[in-house]
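Data block below; observations after.
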Amino acid sequence: MKHFFLLFFTCLCTTFLHAQGGRVVSGIVLDSTKVSVIAASIKLTSPKDTLFTRSDVDGKYSFRNVKSSQFVLSVTSLGYKSFSQHFQFPETTTPLKLSTIVLKVESNVLNTVNISGVTPITVKEDTIEYSAKDFPVRENSVVEDVLKKLPGIEVDKDGNVTTQGKSVTRVRVNGKDFFDGDLKTATQNLPADIIENIQIIDDYGDQANASGIRDGDPDKILNITISPSKNKGMIANGVAGGGNDNRYIVSGMGRFMNNDEQLSMMLNLNNTNANLFDFAGGGNQRGGRYRGSGGGRDGNTGGITNAQAGGFDYRKDVSKKITLFGSYRVSSSDNNAITDRYTETTTGGQAITTTQKSNTNSDNLNQGINLNMEYKIDSLNYLKVAPSINLSTNKNDGVSFKQIQELVRQDQNTVSSNDASSPAYGADILYNKRFRKQGRNLSLSYSFNKSYNKNDQDISDEFNFYDTGGIIVADADSSSRRLINTDNERLSNQLNVTYSEPLGVYSRLDFSYRYSRTENDNSKITDLADVNGAYFRSDSLSNIFNYSFTTNRFGLSYRYDRNKLYNFSIGMAAQPTTLKGYSETNHVSAGKTGFNVFPTVRFSYNFARTVSLKINYSGESSEPSFEQIQPVVDLSNPQSPVIGNPNLKSALNQNINIEYNNTDAQTGAYFSAGARGNITSDRIINNTVRIREPIINGTDTTYNLIQERRFLNEDGYYASNVYYRWSKPFMDTKYRLQIGGTVNYTNDVSYVDNEKNIGKNWTFSQNARLQINPNENIDITPGASYRYGFVNYSLPNSIDSKNSTLSLDLNAKIYVFSTWILGLDGSKSINSGFRDVNANPLVINSYLEKQLFNRKGRLRLQGYDLLNQAATVSSTQGDNGYSVSNTNRLTRYFMLTFAYRFNKFAGRTQNNRGDMPPGGGERREGGFNHGGGGGGGPQGRDQ
């Protein structure tokens, strides 16, 4: 019996050891472009094994309990050559990670299946990526031409880019800022033939990229990845031309690249209202520096502009650890704008109409220096330092005539001059430390900004008053002249600390703290002229007022990240606020404290490589402005004085954002939809108060109508936005239909004559666009859009409004012969409901172009606004009415230009996009081009 149990135990152990003797075999399958192959069939066979699996969304596969140390691995996937290899390893149970398997394209299969129309769009957690080669454009095109073809992305006539209902604010090239993030500088100058991928990224800032802790509402940024074969060489392009009415343009750009070293230079001189640098830094930079104000005008949006701009940026990887970047930009412009404005409001049930005509000349000068050093200390530590200096100056002179009609009429003639300067400097510092324990991370960031704003104004007004019969009241005229000198000094400091502690393989606990303080020293001195023209100080209109706003934000959240398939975080944030102010002139103190608690929620789910859902909820407190809080009267405009409220509290903004993106890999259809909502507690709102000052002259009696603006906190404001975008190619991508729409609703709150007024503002819009590219010689894009909006107010006798705009446009390029191009760009706007404005322009631009020097040069004769009907009309909805304005713009002119583009990469000159045919380009035969996320931070976005 003893020997029986011994034999049984031996057999049992042998069986158990044999069962546990299997090993895990894993690996990854890529194609020749290093893109993961999805759903590849993978089979492992041996005398002891017959196992089968498929690769996942990242091309990964895994076999468990492989018994044999010798086996054959076979891989098959539609569109690729089959792979088979014999492997032999020592007899152990150690997990095996095989070398990467690279599948080669099977051309015969692809020709048979004919799936060349597949649209390569990859959807990641925070990134939508497009393979640029699958959206072919003509040679000598720029990045903007590619963007216009991408589903879900809209580019307007001024080059502004929007996606998923939000504006794209910044641009990067290979994950790094280009000309400090200036969007149009990149999209309108970089050639299309160097692009590999284009990415739209939800950017939460450098600290979030480094730590993985995302907070708040992200910015939309554009990242352009350049093909590795185009990272060594040069790009040079230039254009020069002249036209009637002395119109001219001289513009050029050069970019020199040697892998880890790049130098870009740009020059632009014109009087055609062409785009210049965006000195807002390309949009909002999260936690970023003060960028100054002003800058060039965006396209032909109003006025006539003469502009000059130039700059350069330089980037170099000094070593494997240190990268340096610097940029300098300068622009100057002079603009003449003539504006007609009609405003209709109601106060106390009485309608007030205002017509105004103004003529303003302004000169602007803007300069900016930005530096950046990234130091990858080691694999666990990262440091980034980014100082900046900006200087903006503005001088303008203007005259205006305003007529106000209530029960009586009054006229106001104003002559004004303004001289302002805004120097600023600051720095952003980021340090990130990863610990050896997976998932443990500490991140510190600090930013400070110092700005000075000096503004000297000289304003003269003359008034005429009329009686109820419309007759001017004799000797009741009055005049006012004042000198207003304003000095604002602002210091902002912000410290952010985040810490992540892993709780398991997929979960973490995130701690965050943010300290923010802004200090404002403001001086406003007003001198009034007496009847003899001598000036005297007005104490009642002058003020030295200093205030500060301090917040401490504490956050704690639980984060769960499941291998890029889905992740979520949920937590709470507490934010105490302190607002303090003191008027040295009036000896008036201001001070309020607040304490807000709100949840923080983020959820992201990747259903597949091309489908994602994101939900984000956040909250933030905001401070009142100097205008809203200063406790004195601002008489910059005597008819519209402004009185601040030193007892204002900070407002609490709560935002929710939902986004859904889906791409059908078989049909190339793209669909995105989303919703945004905002609720603001203690919102700072206007209280417009009507004041009638009696004017008595003998037997004639009239009055001076003054509309005074005050401020208070009020609840009840909320806004929502719902949007969708759908796109689908047809007939092997020769045609693509895109449609989209939005619905916006705002429940606005204001006060009129101390009575609460709720404005219910609805806006509906729908657009459609068809891209027609049946062959390489025809490229036509017609489009149409319709917008309808209306506003209803709660107060009786309020001025409700309804208006609509129907826009039709057509963009066409016809290649008549191999080197001749006929182009047409037309738009028709039909406006309805814009009172006192009749502008339904039909604007047609056309050109004839001859390509020269092997298509590297072009000679173009172009006519702008051939029918001379261009107009700039805008409508603004106010607290208790609306305003419509019409501004002059550059109209019909003709220009002859010569342009030349030269690209040279890796020792050879590039005339077009690689091996693309002249009419459009290579169409990739299936697969997805999968690239990296949007850079920033030491480890990229996926941490």
Side-chain angles (χ1 to χ4, degrees), residues 136-149 155-159 184 187-189 191-193 237-253 268-275 298-301 304-305 769 771-773 775-783 808-829 841-870 889-901 911-912 918-920:
V137 293
R138 277 273 182 167
E139 58 189 280
N140 295 322
S141 296
V142 293
V143 173
E144 184 178 271
D145 297 315
V146 181
L147 291 176
K148 291 178 179 179
K149 291 180 173 291
V155 183
D156 67 16
K157 292 184 179 300
D158 294 324
K184 297 174 189 176
T187 60
Q188 298 178 353
N189 288 279
D193 52 23
N237 61 74
V239 60
N244 65 312
D245 295 332
N246 297 316
R247 298 293 161 205
Y248 72 91
I249 183 170
V250 177
S251 179
M253 175 186 170
N268 192 333
L269 312 174
N270 73 85
N271 62 356
T272 61
N273 288 25
N275 294 317
D298 293 336
N300 201 356
T301 56
I304 309 297
T305 302
R769 187 168 302 276
Q771 295 176 3
I772 303 172
N773 192 198
N775 57 56
E776 63 182 33
N777 296 317
I778 298 177
D779 191 350
I780 302 175
T781 306
L808 305 173
D809 60 87
L810 174 67
N811 183 275
K813 288 183 181 180
I814 307 296
Y815 294 79
V816 183
F817 302 105
S818 61
T819 59
W820 287 88
I821 303 174
L822 179 63
L824 176 68
D825 182 9
S827 65
K828 171 66 176 178
S829 297
L842 173 60
V843 179
I844 298 177
N845 305 321
S846 184
Y847 67 85
L848 177 64
E849 177 179 307
K850 168 64 176 176
Q851 295 181 337
L852 306 167
F853 309 118
N854 197 24
R855 294 191 176 90
K856 290 184 291 185
R858 62 174 174 83
L859 186 67
R860 174 183 290 188
L861 177 62
Q862 186 156 0
Y864 297 85
D865 189 19
L866 298 180
L867 303 181
N868 202 32
Q869 294 187 15
R889 59 178 289 171
L890 188 59
T891 54
R892 180 168 54 198
Y893 69 98
F894 299 87
M895 180 168 284
L896 180 66
T897 60
F898 175 74
Y900 190 84
R901 182 183 300 276
N911 295 327
N912 50 34

- [ ] Kindly compute the distance separating CG (Leu896) from CG (Leu859), expressed to the nearest 0.5 Å.
- [x] 5.0 Å
Open item on the list: Taking atom CG as the centre, does Asn244 end up with more than 12 heavy-atom neighbours from other residues, nucleotides or ligands that are less than 6.0 angstrom away?
Closed with: yes
Open item on the list: Within the structure provided, determine whether Val155 and Glu144 are in side-chain contact (heavy-atom separation under 4.5 Å).
Closed with: yes
Open item on the list: To the closest 0.5 Å, what do you measure between NZ (Lys856) and OH (Tyr900)?
Closed with: 3.5 Å
Open item on the list: Quick one: does any side-chain atom of Asp825 pair with a main-chain N or O of Asn845 as donor and acceptor, under 3.5 Å?
Closed with: no
- [ ] On the 0 to 90° scale, with breaks at 30° and 60°, tag the Tyr864-Tyr893 ring pair as parallel, tilted or perpendicular.
- [x] parallel
Open item on the list: Can you tell me how far apart CG (Asn237) and CZ (Arg901) are? Round to the nearest 0.5 Å.
Closed with: 4.5 Å
Open item on the list: Any non-hydrogen side-chain atom of Ile249 less than 4.5 Å from a side-chain atom of Thr897?
Closed with: yes
- [ ] Apply side chain to side chain donor-acceptor pair (under 3.5 Å) to the pair Asn268 and Asn270, showing each step before the final yes or no.
- [x] CA-CA 7 Å; Asn268 192 333; Asn270 73 85; 2.9 Å; yes
- [ ] Answer yes or no: is there a side-chain heavy-atom contact under 4.5 Å between Phe898 and Arg858?
- [x] no
TODO: For the residue pair Met895 and Thr272, establish whether any side-chain heavy-atom pair is separated by less than 4.5 Å.
DONE: yes
Open item on the list: Would you compute the distance between atom NZ of Lys828 and atom CG of Leu808 and round it to the nearest 0.5 angstrom?
Closed with: 9.0 Å
Open item on the list: Is any side-chain heavy atom of Ile772 closer than 4.5 Å to one of Pro782?
Closed with: yes
TODO: Could you tell me whether the side chain of Leu848 reaches within less than 4.5 Å of the side chain of Val816, counting heavy atoms only?
DONE: no
Task: Leu147 side chain reached by Thr187 side chain, heavy atoms, under 4.5 Å - done: yes
Open item on the list: Whether the side chain of Asp245 engages the backbone of Arg247 through a donor-acceptor N/O pair (distance < 3.5 Å, no angle test) should be reported.
Closed with: no
TODO: Starting at OG1 of Thr781, measure out to NZ of Lys813 and round the result to the nearest 0.5 Å.
DONE: 9.5 Å
Task: Donor-acceptor pair, side chain of Ser846 and main chain of Gly823, under 3.5 angstrom - done: yes
Open item on the list: Do the side chains of Lys148 and Asp779 get close enough for a salt bridge, i.e. N-O under 4.0 angstrom?
Closed with: no
Task: Polar side-chain atom of Arg860 near backbone of Lys850 as donor-acceptor pair, under 3.5 Å - done: no
Open item on the list: I'd like to know if the side chain of Asn271 reaches the main chain of Asn246, judged simply by a donor and an acceptor atom lying under 3.5 Å from each other, with no hydrogens or angles considered.
Closed with: yes
- [ ] Considering non-hydrogen atoms only, spot the tightest contact between Ile780 and Ala812 and give its length.
- [x] CG1-CB, 4.0 Å
Open item on the list: For Arg889, is there an ion pair with Asp865 - N to carboxylate O distance below 4.0 angstrom?
Closed with: no
Open item on the list: Between Ile821 and Tyr847, is there a side-chain heavy-atom distance shorter than 4.5 Å?
Closed with: yes
TODO: Report the distance from atom CD1 of Ile778 to atom OH of Tyr815, rounding to the nearest 0.5 Å.
DONE: 11.5 Å
